[in-house]
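Report on the structure given below.
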Amino acid sequence: MYEAVLALSVVVSDRLIPLETGVIEMPARIMAIPILVNKDRLNEIDTLGFYVSADRGRKWKLHHEYKPTDIEAFFEAPREGAYWFALLILFKDGHKEPADVSNLQAGQKVYVNTQKRICLSPNPSNEDLVKENAQLKAEVKLLQKRIEELEKQKPN
């Protein structure tokens, strides 16, 4: 199977955004997504169409075409939010997998979150909530300390 893979990132801050199952949170807008190609079929492939959807797969846009020997797809998100990625494989014999762009299935789903909002899964476990609470408390302490420092710097 041909798929794109990203590393999981964890960020914390002050707003909640529910994440769908299988969505990876990214703290940056620029990313390199590894392209994994079945080496046994490498000689059969002409190009890999790297498609992006900013509306959860309703519409797909060709972002870039890659050679089967390319190892990464590069993407810069224009803004915060959800982005789905898929590959359309064009074989040297002319057929495509999938046969049409409308049949693309996301190989990777990402939520770009540079604002450091807290993202919860649809059904967080108690352990996740306890961990998140501890992270929030630590962040509040840091903010309180920073406020105290700023207040000390104010002229009387």
Side-chain angles (χ1 to χ4, degrees), residues 1-39 42 45 47-89 97-98 101-154:
M1 187 69 189
Y2 308 99
E3 59 186 58
V5 181
L6 291 175
L8 177 64
S9 298
V10 179
V11 295
V12 178
S13 188
D14 59 353
R15 293 180 55 194
L16 297 176
I17 298 170
L19 285 183
E20 301 167 42
T21 303
V23 176
I24 295 173
E25 184 179 2
M26 291 297 295
R29 289 188 181 178
I30 299 172
M31 60 196 86
I33 302 170
I35 300 173
L36 304 175
V37 177
N38 183 339
K39 301 239 187 265
L42 196 61
I45 300 170
T47 57
L48 302 168
F50 180 67
Y51 283 79
V52 177
S53 175
D55 60 5
R56 293 176 167 79
R58 287 187 285 282
K59 291 184 237 162
W60 291 95
K61 182 179 178 183
L62 178 63
H63 181 68
H64 192 78
E65 288 187 344
Y66 290 93
K67 296 179 258 179
T69 54
D70 288 332
I71 59 171
E72 292 178 311
F74 296 95
F75 179 71
E76 182 173 353
R79 63 191 163 283
E80 302 280 304
Y83 294 92
W84 289 11
F85 305 102
L87 291 176
L88 188 140
I89 303 153
E97 287 183 17
V101 173
S102 63
N103 296 325
L104 284 171
Q105 296 293 314
Q108 189 59 261
K109 299 174 184 178
V110 170
Y111 187 87
V112 174
N113 186 4
T114 63
Q115 301 299 314
K116 297 185 178 180
R117 298 180 198 121
I118 298 171
C119 294
L120 292 177
S121 64
N123 299 308
S125 69
N126 189 49
E127 182 181 309
D128 289 339
L129 292 173
V130 169
K131 182 179 176 183
E132 190 173 80
N133 187 42
Q135 290 173 327
L136 284 171
K137 284 181 179 179
E139 187 171 333
V140 167
K141 283 183 182 179
L142 288 173
L143 290 172
Q144 288 172 333
K145 184 177 179 180
R146 182 69 180 132
I147 289 169
E148 288 172 11
E149 290 170 359
L150 291 171
E151 287 179 348
K152 287 178 184 176
Q153 294 176 2
K154 285 194 323 188

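Computed from a predicted structure; not experimentally measured.
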### Message
Do M31 and V110 have side chains that approach each other closer than 4.5 Å (heavy atoms only, starting at C-beta)?
### Response
yes
### Query
Can Q108 and I24 be said to form a side chain to side chain contact (heavy atoms under 4.5 Å, CB included), step by step?
CA-CA 8 Å; Q108 189 59 261; I24 295 173; 3.3 Å; yes
### Query
What heavy-atom pair brings Q105 and A86 nearest, and what distance separates the two atoms?
O-CB, 3.4 Å
#### Entry: Residue pair W60 / F85: nearest heavy atoms and the distance that separates them
CZ3-C, 3.9 Å
### Worked verdict on V37 versus L42 for side chain to side chain contact (heavy atoms under 4.5 Å, CB included)
CA-CA 7 Å; V37 177; L42 196 61; 3.7 Å; yes
### Message
On a heavy-atom basis, which atom in L87 and which in L104 lie closest, and how many Å separate them?
### Response
O-CD2, 3.6 Å
### Sub-4.5 Å side-chain heavy-atom contact between I89 and L48
yes
### Message
Please check this pair: side chain of E97 against backbone of L88, looking for a donor-acceptor N/O pair closer than 3.5 Å.
### Response
no
### Task
Output all residues satisfying side-chain hydrogen bond (donor to acceptor under 3.5 Å, both in side chains) with N103, sequence neighbours left out; order by chain, then residue number.
none
### Sequence-distant partners of H64, side chain to side chain contact (heavy atoms under 4.5 Å, CB included), two or more places apart
Y66
### Query
Taking only residues two or more places apart in sequence or in another chain, which ones pass side chain to side chain contact (heavy atoms under 4.5 Å, CB included) with A77?
R29, F75, Y83, V112
### Message
Applying side-chain hydrogen bond (donor to acceptor under 3.5 Å, both in side chains), can you list everything that pairs with S102, at least two apart in sequence or on another chain?
### Response
D100
#### Entry: Euclidean distance, E80 CD relative to N113 CG, rounded to 0.5 Å
5.5 Å
### Query
Which pair of non-hydrogen atoms, one from G57 and one from W84, has the smallest distance, and what is that distance?
N-CE3, 3.5 Å
### Task
Not counting sequence neighbours, which residues clear side chain to side chain contact (heavy atoms under 4.5 Å, CB included) with K67? List them please.
T69, D70
#### Entry: Non-hydrogen atoms of F74 and A32 that approach each other most closely
CE2-CB, 3.6 Å
### Task
Only counting residues at least two apart or in another chain, list the ones meeting side chain to side chain contact (heavy atoms under 4.5 Å, CB included) with L62.
Y51, E65
### Euclidean distance, K61 NZ relative to H63 NE2, rounded to 0.5 Å
9.0 Å
### Inter-residue atom distance N38.CG - I45.CD1, 0.5 Å rounding
7.5 Å
